[in-house]
Amino acid sequence: MSQPLDSSGWSYVVSIPSWTTGSAQGEDNVVYYNVEVKISSITGTSGGAEGGGQQNVDLSRTVQRRFSDFRRLYDMLCMLYGAGNVEQVPDSQAADFTGASSQSEIIGIRREELDKWVKSLASNGQVSWSPPVTAFLQVDQALKEHKMSSQSPGGGGGGFFRRRRRSSRSNSVTSSTSDQDSRDLAQGAGRARNNMPPASNELNELKTFLASETATKEFLAKRVTDLEKELAELQADHSSLKKETEESTSEKMHDLQFEVQGAMNRIENLEKERDSEVDARKGLEEKVESTSLELESKNSELLRAQQQLKQTEKEKEVLLKNSHADVKTLAREVKRVQKLALLDQSSLEKKNKELQRLHQSLREQSVLEEADTSSVLKVLREAEVLHTRMQECNIDKLIMEENGRSNGEHGSAESVQVEEVFQLSDNRISCLLAEVQFLTEVDNKQETKLSKNRQESNEKLRQTLANILIEHAHLHRACNRLIRDLKLEESKSHSKGEQQQASLGGVGGDGNMISL
């Protein structure tokens, strides 16, 4: 919880419970952090001094801020109060994102760090109620709105939340008047925003930022003026102190000379002590070297003793091996080792058999793959042959074969029976359709050995080829039917023309006979 604003006893608690995304200035998926501010105060009722009781006033406000807004607030606070008085804002690059597997988790980690940071600002008595922080959290605007609602008709006692001058802090050079002017300026900007018609969330945030910037600039200007006044006072104090120092310098110089002489004597004594310590250190180093040499010799003796001990143990083992009990123990151990060897050999044989079975299955799989590839190529060749034979079922080609085979020209429709040729082409197409059905038939014995995906792909390939050939056959049949109808129509029209010519020729002959 932050420090009270003034004698009215206002305080606030800030947290960042969640985040959301939106759009801003043409950018999509912009991350906004929901900053929740809860303002509370225990103050008197509208009765005031007339004996009114106490009531709790709780206000809440949620503000959406981007990560760059937090960085901008930190820079402003460092400029006003110094980087040593403000906690470092979390860095987007230096944050620990270990274990985060998605962008949402990274944003969640950053939200937790920003939540800790704003809570540290709220607990910092020097910056918690500064104009940049209150404008950033919109605390001043919430208090102003509460004050206006309480002063309006039916909103409680008028003028209850009067703004008092904030008491100055001992470590701050900013006067209470400049803080009051900065807050009044921020309140004026907030009042202007409330009187404006409602706009988008982005425009409201921009107005809030401009109001905070204006209040900060005014606050800085007044602070510079105060600092200049304080500098003039410090210069005057410095001149008086300089005079006093010059007067006391001559007296202190004599004391300093005696002190310096004593210090020089102490330094000489210390140097002598240091030289003696250096000599003692050299003696100790020589002792350490001699001790290390003795230690090395002792280590060599220890190694020889260990070798002798090992030799003695070997001799002891030789003597023990000659005993009957050790012979029996060794025999049992040999039997156990033999059993383990047999078990290992059987497991090795099983693994070899398993390996051979895997090699055999791999060879069978490769053979099946080759057989399947050859069967697919065979199906494609058969489909190509059927397509070529279907092209030859054209009624024009059949008429050409019947009448114009020798010279390569189309025969006339009168020299062939169009209907017979059409029946011939239709029968051929029917035979081809029957052959197309064989394409969809598969070798079940071979297909069952393939994988399920391969079976489905082969079946889809055969079915697709069969459907294409069937549609092609029906199309040829329809084209032949149209060609037949056209040929029959031409034959009929041709026969009608010959009949008309014959009838006209007969009428002319009768006229000649009559004239004769």
Side-chain angles (χ1 to χ4, degrees), residues 88 90-106 108-110 112-113 116 266-373 446 448-454:
Q88 175 69 33
D91 193 354
S92 60
Q93 301 297 328
D96 186 10
F97 297 133
T98 304
S101 59
S102 63
Q103 187 69 18
S104 298
E105 293 181 0
I106 293 174
I109 294 173
R110 185 177 295 169
E112 294 176 357
E113 294 180 352
K116 295 178 182 178
R266 287 194 297 271
I267 289 172
E268 290 178 358
N269 295 329
L270 290 173
E271 287 179 351
K272 291 179 181 179
E273 292 177 358
R274 186 191 64 181
D275 294 335
S276 61
E277 289 179 356
V278 169
D279 295 334
R281 183 175 181 181
K282 288 181 179 180
L284 290 174
E285 289 178 352
E286 291 176 356
K287 289 182 180 180
V288 169
E289 289 179 358
S290 61
T291 306
S292 62
L293 293 174
E294 292 178 359
L295 183 61
E296 289 178 358
S297 63
K298 296 293 183 182
N299 287 331
S300 61
E301 292 177 359
L302 180 61
L303 289 174
R304 286 194 298 270
Q306 288 177 352
Q307 291 176 357
Q308 292 177 359
L309 179 62
K310 288 181 180 179
Q311 186 67 27
T312 305
E313 289 178 352
K314 288 180 180 179
E315 293 175 356
K316 185 178 178 180
E317 288 178 358
V318 171
L319 293 173
L320 290 174
K321 286 180 181 179
N322 294 328
S323 65
H324 183 70
D326 290 340
V327 171
K328 291 182 179 180
T329 304
L330 289 173
R332 288 195 296 269
E333 186 67 21
V334 169
K335 289 181 181 179
R336 186 180 65 83
V337 171
Q338 289 177 353
K339 289 181 180 179
L340 292 175
L342 290 174
L343 292 175
D344 292 339
Q345 187 176 0
S346 61
S347 62
L348 182 62
E349 290 177 355
K350 290 180 181 179
K351 290 181 180 179
N352 289 331
K353 290 180 181 179
E354 184 68 19
L355 182 62
Q356 291 176 1
R357 187 180 63 80
L358 291 175
H359 283 302
Q360 183 65 26
S361 63
L362 287 175
R363 286 194 294 271
E364 291 177 357
Q365 189 67 27
S366 62
V367 171
L368 288 175
E369 291 289 338
E370 293 176 358
D372 182 64
T373 304
Q446 184 178 358
T448 53
K449 297 179 181 180
L450 298 175
S451 61
K452 186 175 180 182
N453 294 332
R454 195 62 180 267

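The side-chain hydrogen bond (donor to acceptor under 3.5 Å, both in side chains) test applied to E354 returns R357, not counting sequence neighbours. For E112, the side-chain hydrogen bond (donor to acceptor under 3.5 Å, both in side chains) criterion is met by no residue, not counting sequence neighbours. Under the side chain to side chain contact (heavy atoms under 4.5 Å, CB included) criterion, L348 pairs with N352, sequence neighbours left out. Applying the side-chain hydrogen bond (donor to acceptor under 3.5 Å, both in side chains) rule to R363 yields the partners Q360; only residues at least two apart in sequence or on another chain are considered. Under the side chain to side chain contact (heavy atoms under 4.5 Å, CB included) criterion, E273 pairs with L270, S276, sequence neighbours left out. Partners of S104 under the side chain to side chain contact (heavy atoms under 4.5 Å, CB included) rule, at least two apart in sequence or in another chain, are W19, S102. Q356 pairs by the side chain to side chain contact (heavy atoms under 4.5 Å, CB included) definition with nothing, not counting sequence neighbours.
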Identify all side-chain donor-acceptor contacts of residues 331-338 below 3.5 Å with residues at least two apart in sequence or on another chain.
from	atom 1	to	atom 2	distance (Å)
E333	OE2	R336	NH2	2.2

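Using a 4.5 Å heavy-atom cutoff, the side chains of Q311 and Q307 are not in contact.
Identified under the salt bridge (charged side-chain N to carboxylate O under 4.0 Å, His left out) test for residues 285-302, with sequence neighbours left out: R281-E285.
Note: Q306 CD to N299 CG = 9.5 Å, rounded to the nearest 0.5 Å. The CD atom of E315 sits 11.0 Å away from the CD atom of E313 when rounded to the nearest 0.5 Å. In this structure, the separation between NZ on K328 and CG on L330 is 12.5 Å, given to the nearest 0.5 Å.
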